[in-house]
Each structure stands twice: as C-alpha cells, then as structure tokens.
Amino acid sequence: MSNSDFDDDAPRWYWAADSGRGLDIDAFERADDRFVIAIGQRELWARVHREVNPRGDCAWSSFGAADGKATLADCMRVFLQAREIYGVSLNRLVLEFARVPVFAKFIKDSPSALGSSISNPVGKGPLPRPAYDGNVERQVGQRIADTLGLEEDWWR
C-alpha cells in the first residue's frame, strides 16, 4: 500500500493474521505468532511486513468503533476467530490484545494471577481442536436464543 492508501484519519483498531497459505486446506499453516494488532493502517501494514508476512499476504480487518474505542465484545470476536480460524497462539493473542485498553483492563482486573491469562497447561500435550460441527453451531444458536429470548432460528 502507498502512503495515500492509508485511512488513518481516525484512531481505528486493526488486526492481521497469516492466512495459512491460501484456501488449500492441505497447505494450511497455523498463524501461531504471525498475528498483530495496531491502531491505524500505517502501523498495521508496517507490522504486517515485519511480523506477519513480508509480502503483505494476510487476512486483516478493522474492529471496534471508528473512534478507536473497541469494546471487550469487539476484541472477543477477533480473539475467537483468530484462534480457531487462523490458529494464532494464545500467548500472542493476549500479548497483542493487551494493546487495547478495554482488554488490558479486563486482564488487569481479573481475580486470577496474570499467568492464568496466558498458555499455562496442566499437561504436556496440546489441547485438541475439534473440526467444525454443524450440530454444535445449532446448539450454540439455540442456547443464545434461549438466553436472550430470541426466535429459535435467529442465526439462519
């Protein structure tokens, strides 16, 4: 991107993750630590080229309000997608999201020790990651409908 391509008039938050070598599922590679969060596109793309992919090949988007005031819900949407879709490491997610004031406050105000917010497994093996399951999607949709009093098929 050239300097004129950047939209930095407002202090908006952005994220970028290595997108796993294209859409070929057999060529997928976890992003692990190749994930960044930045305020403004200039900072985002400088960090992408240094820390994610030198060619700038990545998934990226803005998150939160255009005034830079991201909510915890905004952060969690990106957090869950980055972890499950792109395979970003938990430690990298927490480290990067600690840049966002509302997330940093969430971690700071936790009644647990700081070590509970980073990778701290009780065993040596990695935790399993189940594949997508449409039944689980349906169950989550139904649970949300029950919790919030929504129509049964609100997500379809």
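Computed from a prediction, not measured in an experiment: that's the story for all the values here.
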Check: Transitively linked via ILVMFWY side-chain contacts under 4.5 Å: L80 with L93?
Finding: no
Notebook entry, point to check: Under 3.5 Å, side chain of R47 to main-chain N/O of I37, donor-acceptor pair present?
Noted result: yes
Note to self: Treating N53 as the side-chain partner and C58 as the backbone partner, does any N or O pair qualify as donor plus acceptor under 3.5 Å?
What the structure shows: no
Next item on the list: Would you kindly say whether E137 and Y132 are connected by a side-chain donor-acceptor distance under 3.5 Å?
Entry: yes
Checklist line | Criterion side chain to side chain contact (heavy atoms under 4.5 Å, CB included) on Y86 and D18, from CA distance to verdict | finding: CA-CA 7 Å; Y86 300 106; D18 190 303; over 6 Å; no
Checklist line | Passing candidate, side chain to side chain contact (heavy atoms under 4.5 Å, CB included) with V52, options D33, V36, L44 | finding: V36
Margin query: Please report the interatomic distance CZ(R30) to OG(S89), rounded to the nearest 0.5 Å.
Written below: 7.5 Å
Please list, one pair per line, the donor and acceptor atoms closer than 3.5 Å that link side chains of residues 99-112 to other protein atoms, with sequence neighbours excluded.
from: R99; atom 1: NE; to: E96; atom 2: OE1; distance (Å): 3.1
from: K105; atom 1: NZ; to: D109; atom 2: OD2; distance (Å): 2.4
from: S110; atom 1: OG; to: S112; atom 2: N; distance (Å): 3.1

Next item on the list: Determine whether D32 and R92 make a side-chain contact, defined as any pair of heavy atoms from C-beta on separated by less than 4.5 Å.
Entry: no
Next item on the list: State whether the number of non-hydrogen atoms from other residues, nucleotides or ligands found under 6.0 Å of R156 atom CZ is greater than 12.
Entry: yes
Next item on the list: Would you check, one step at a time, whether the test side chain to side chain contact (heavy atoms under 4.5 Å, CB included) holds for F97 with V78?
Entry: CA-CA 10 Å; F97 273 104; V78 175; 3.6 Å; yes
Next item on the list: Could you list the residues that satisfy side-chain hydrogen bond (donor to acceptor under 3.5 Å, both in side chains) with Q139, not counting sequence neighbours?
Entry: none
Check: With no hydrogens and no angle check, is any side-chain donor or acceptor of W15 less than 3.5 Å from a backbone partner on F35?
Finding: no
Checklist line | D146 side-chain N/O to R143 backbone N/O, donor-acceptor pair under 3.5 Å | finding: no
Item checked: Minimal non-hydrogen separation, D74 against T71, with atom names -> OD2-N, 2.8 Å
Check: Quick check: does any side chain N or O of R12 sit under 3.5 Å from a backbone N or O of G68, one acting as donor and the other as acceptor?
Finding: no
Margin query: Using the rule that Ile, Leu, Val, Met, Phe, Trp and Tyr join whenever any side-chain heavy atoms are under 4.5 Å apart, tell me whether I118 and M76 fall into a single cluster.
Written below: yes
Check: Between A17 and V88, what is the shortest heavy-atom contact and its length?
Finding: CB-CG2, 4.3 Å
Note to self: Can you give me the closest heavy-atom contact between V48 and G56, atom names plus distance?
What the structure shows: CG1-CA, 3.9 Å
Check: Going hydrophobic residue to hydrophobic residue with side-chain gaps under 4.5 angstrom, can you get from L72 over to L90?
Finding: yes
Notebook entry, point to check: Just how far is it from atom CD of Q81 to atom OG of S61, taken to the nearest 0.5 Å?
Noted result: 8.5 Å
Next item on the list: Fit a plane to each ring of W60 and W45, take the angle between them on a 0 to 90° scale, and name the class: parallel (under 30°), tilted (30 to 60°) or perpendicular (over 60°).
Entry: perpendicular
Next item on the list: Search all heavy atoms of C75 against all heavy atoms of F63 and return the closest pair with its distance.
Entry: SG-CE1, 4.1 Å
